[in-house]
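Notes follow the structure.
We count ligands from 1, going down the list as the structure has it; atoms in each ligand are counted the same way. Excluded from the calculations below are hydrogen atoms, water molecules and symmetry mates; all remaining heavy atoms, backbone and side chain alike, are included.
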Amino acid sequence: MSGFTTTAIHSIEDVEKNAIVPPIYLASTFTQPTDGTEGEFEYQRGGNPTRTQVEKTLANIEGAEHSFVYATGMAATQAAMGLVQAGENILLGMPNYGGNYRFATIELPKRGASAKFIGDFSTLSDDDFDEKTTMVFLETPANPTLKVSDIAKISEIAHRNGAIVVVDNTFLTPYLQRPLELGADITVQSATKYLAGHGDLLGGVASTNNPELAEQLWKAQLISGGVLSPIDSYRLLQDIKTLALRMDRQQENARRIIEVVQNHPSVEKVLFAGSYNESDAEIQARQAKGIGALFSFTLKEGKNIKAFLDSLKVFGFAVSLGGIESLICLPATMTQGAYTPEHLEEFAVEKGLIRVAVGIEDIADLEKDITTALDAA
Ligand SMILES: *Cc1c(COP(=O)(O)O)cnc(C)c1O
């Protein structure tokens, strides 16, 4: 077994021409044998050599049997959550990415299915499941509170109750966390974030080791049509090659910025993966190789968020994360803007919560920028 980055770089070879990067196949359709057999590829929505290349690489870096790429992370969520059928229900970990919440609360009911919220998986028990519960869908660390959930323990309870487990692994990627190895059945990721990493590509991935689930995830491409284009498949393939390098730098920068923010007198509290209590820290250390590069914090009462934001010059004020550039957002009105006021409160997405996605810029510049802004608050 090669290491992560060697695998990311060398999963695909152009055997025909010995080019160090593969060609891009743009063909919408592929001519077929006339003897009734099927060619390897038929029509681009169902499969394309360039998409296969990035899917193979993604599967290899995740240690998964099957990976499928979609036009956006939400198309990957749709493929996974869309497995739920009329009359069934899911347990949705909360808080969760706003788009996942939207799919669960708007789209599932249209299909005759429903979602029950789980705000704290540490007390999950058989009583949370009924005979119609077929899926647990969670994000760990959670967006934007960074609260951690124990994937292995949740998978054990879910499987005992006949439900599959889907983990949105966007925040940590397979470089830092591999939910399938911990017992999850499907992982989804927004490739828009760390996998692509340069703020210029939308994409999604779903992976599994289960052949029947794989068939369904492929059918979601074929039937719903939200597939990644050949050009974006190629670009994603190139981007993944530097994922580990970028994440190492982002994580190192994040650790330092967390320290700076924690020690600033304007700051009330700082949240990051494993920050809640000893059990949280233990779970994070056991199931992931680091804390990632996201954290959230609140300012002390009387401090001015607008003055803080207006003072920032290097950190951009925008949704999204995982790119080389540092971004800051206010989840309650931005990424979690679809939540009802009651759900914002119930799941601790405070109005004043500030989420930080740390990029790869020079640490001295990031430190100076955020310190100046905190001083201005
Ligand atoms: C952005 C995001 C998504 C959705 O991905 P898109 O590519 O924007 O559709 C899903 N989950 C998480 C955690 C995200 O951050």
Side-chain angles (χ1 to χ4, degrees), residues 54 58 67-82 90 92-107 115 137-149 151 166-177 179 184 186-207 220-221 224-229 232-233 235-236 239-240 243 247 250 272-273 288 291-296 318-323 325-332 334-339 347 349 353 355-359:
V54 74
L58 283 162
S67 291
F68 302 91
V69 290
Y70 302 86
T72 64
M74 279 316 300
T77 286
Q78 164 167 301
M81 235 189 252
I90 72 165
L92 183 73
M94 288 291 280
N96 209 307
Y97 174 67
N100 296 341
Y101 167 91
R102 227 185 257 125
F103 196 91
T105 57
I106 299 173
E107 194 57 33
F137 190 109
L138 72 134
E139 209 185 339
T140 177
N143 188 353
T145 57
L146 287 314
K147 193 157 172 11
V148 169
S149 301
I151 298 170
V166 182
V167 177
D168 184 333
N169 201 32
T170 299
F171 275 18
L172 294 181
T173 82
Y175 180 52
L176 296 177
Q177 177 170 275
I186 296 175
T187 59
V188 294
Q189 289 177 80
S190 169
T192 312
K193 314 297 167 53
Y194 290 100
L195 295 179
H198 294 75
D200 60 358
L201 185 157
L202 262 68
V205 195
S207 303
Q221 290 184 324
S224 301
V227 295
L228 200 64
S229 72
D232 282 346
S233 293
R235 294 172 66 215
L236 182 58
D239 290 336
I240 299 165
L243 173 66
M247 284 200 94
Q250 282 164 309
F272 54 89
I291 62 164
L294 280 147
F295 70 97
S296 295
V319 296
S320 203
L321 57 106
E325 62 286 300
S326 296
L327 297 176
I328 281 190
C329 77
L330 301 175
M334 297 167 81
T335 51
Q336 262 75 14
Y339 280 35
F347 301 110
V349 186
L353 197 67
R355 192 188 76 186
V356 187
V358 183

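Within the 4.5 Å cutoff, the side chain of Tyr194 has heavy atoms near those of the Gln250 side chain. In this structure, the side chains of Pro141 and Leu172 come closer than 4.5 Å at one or more pairs of heavy atoms. Between Thr145 and Phe347 there is no side-chain heavy-atom pair separated by less than 4.5 Å. At least one side-chain heavy atom of Leu146 sits less than 4.5 Å from a side-chain heavy atom of Ser296. Taking the side chain as every heavy atom from C-beta outward, Asn96 and Tyr339 approach each other to under 4.5 Å.
Protein residues with any heavy atom under 4.0 Å from ligand 1: Thr72, Gly73, Met74, Tyr97, Glu139, Asp168, Thr170, Ser190, Thr192, Lys193, Gly203, Leu321.
Going from atom OG1 of Thr173 over to atom NZ of Lys193 covers 13.0 Å, rounded to the nearest 0.5 Å.
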